[in-house]
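As the structure is a computational prediction, the values presented were derived from the model and not from experiment.
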Amino acid sequence: QVQLVESGGGLVQAGDSLRLSCAASGRAFTITAMGWFRQAPGKEREFVAAINWSGRMRGYADDVKDRFTISRDNAKDTVYLQMNSLKPEDTAIYYCARSQRITWSDAQAEYDNWGQGTQVTVSS
């Protein structure tokens with residue numbers, strides 16, 4: 001079992017930036033893809049970004065593509081989500097997840113370990 005712990009959330013104003021971190025412990029981290037998802041109040045959880053095992057391939061949801069950047073440091077067993085130009089509609093709980101595969105995917109069913117989430121609130 002892999003334990004995932006997110007951090008870095010908070011309350012910011014529109015246009016600000018935040019960097020989320022997800023530290024992994026337990027089973028091998030480096031041989032799987034990792035992803036970030038989010039769930040806003042009253043909405044379904046949705047895909048945000050994902051990165052393959054090596055960090056060379058990444059995918060993003062359309063509404064964050066030009067503002068968010070996912071990265072990973074396999075030496076530190078950590079994945080990051082740099083969020084720039086934040087908007088009120090980015091307000092959500094952000095979850096880190098570990099994939100069952102080495103290639104990234106936007107399908108939640110391919111992720112078998114989830115963190116507890118970190119709250120991001122963007123005020124207008």
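- Here the closest heavy-atom approach between residue S105 and residue A107 is recorded as OG-N, 3.0 Å.
- Across G59 and F47, no two heavy atoms sit closer than the pair O-CZ, 3.6 Å.
- Hydrophobic clustering (side-chain heavy atoms under 4.5 Å, transitive across Ile, Leu, Val, Met, Phe, Trp, Tyr) groups V12 together with L81.
- At least one donor-acceptor pair closer than 3.5 Å links the side chain of E6 to the backbone N or O of G117.
- Taken from CG in D66 to OH in Y60, the straight-line distance is 10.5 Å, to the nearest 0.5 Å.
- In this structure, the separation between CZ on R56 and CZ on R72 is 12.0 Å, given to the nearest 0.5 Å.
- Looking at V79, N74, T78 one by one, the single match for side-chain contact (heavy atoms from CB on, under 4.5 Å) with K76 turns out to be T78.
- Using a 4.5 Å heavy-atom threshold, the side chains of N113 and Q3 count as separate.
- In the hydrophobic clustering of ILVMFWY residues, with side-chain heavy atoms under 4.5 Å counting as a link, V122 and Y95 come out apart.
- Without hydrogens or angle criteria, S85 side chain to R67 main chain gives no donor-acceptor distance under 3.5 Å.
- No continuous path of hydrophobic side-chain contacts links V2 to F37 [ILVMFWY only; heavy atoms under 4.5 Å].
- Pairing each heavy atom of Q119 with each of A92, the nearest pair is NE2-O, 3.4 Å.
- Residues R58 and W104 form no side-chain contact, since every pair of their non-hydrogen atoms from C-beta on lies 4.5 Å or further apart.
- A donor-acceptor pair is defined here as one N or O able to donate and one able to accept, closer than 3.5 Å; no such pair exists between the side chain of E46 and the backbone of A61.
- When all heavy atoms of S124 and A14 are compared, the pair lying nearest together is CA-CB, 4.4 Å.
- Between L86 atom CG and T121 atom OG1 the span is 10.5 Å, to the nearest 0.5 Å.
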Handout entry: Evaluation steps, side chain to side chain contact (heavy atoms under 4.5 Å, CB included), between L20 and M83
Key = CA-CA 8 Å; L20 305 183; M83 305 186 294; 3.7 Å; yes
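- For the 3.5 Å distance criterion, the side chains of S17 and N84 qualify, holding a donor opposite an acceptor.
- Rounded to the nearest 0.5 Å, atoms CD (Q100) and OH (Y111) are 10.5 Å apart.
- Within 6.0 Å of atom CZ in R101, 12 or fewer heavy atoms from other residues, nucleotides or ligands are found, so the atom counts as exposed in its surroundings.
- Between Q116 atom CD and L4 atom CG the span is 9.0 Å, to the nearest 0.5 Å.
- Under the 4.5 Å side-chain heavy-atom criterion for grouping Ile, Leu, Val, Met, Phe, Trp and Tyr, L18 is not connected to Y80 through any hydrophobic cluster.
- Between D63 and K87 no salt bridge is recorded (no basic side-chain N to carboxylate O distance below 4.0 Å).
- M34 and F68 fall within the same hydrophobic cluster, defined by Ile, Leu, Val, Met, Phe, Trp and Tyr side-chain heavy atoms under 4.5 Å apart, directly or through other members.
- In this structure, the separation between CG on D112 and OG on S99 is 7.5 Å, given to the nearest 0.5 Å.
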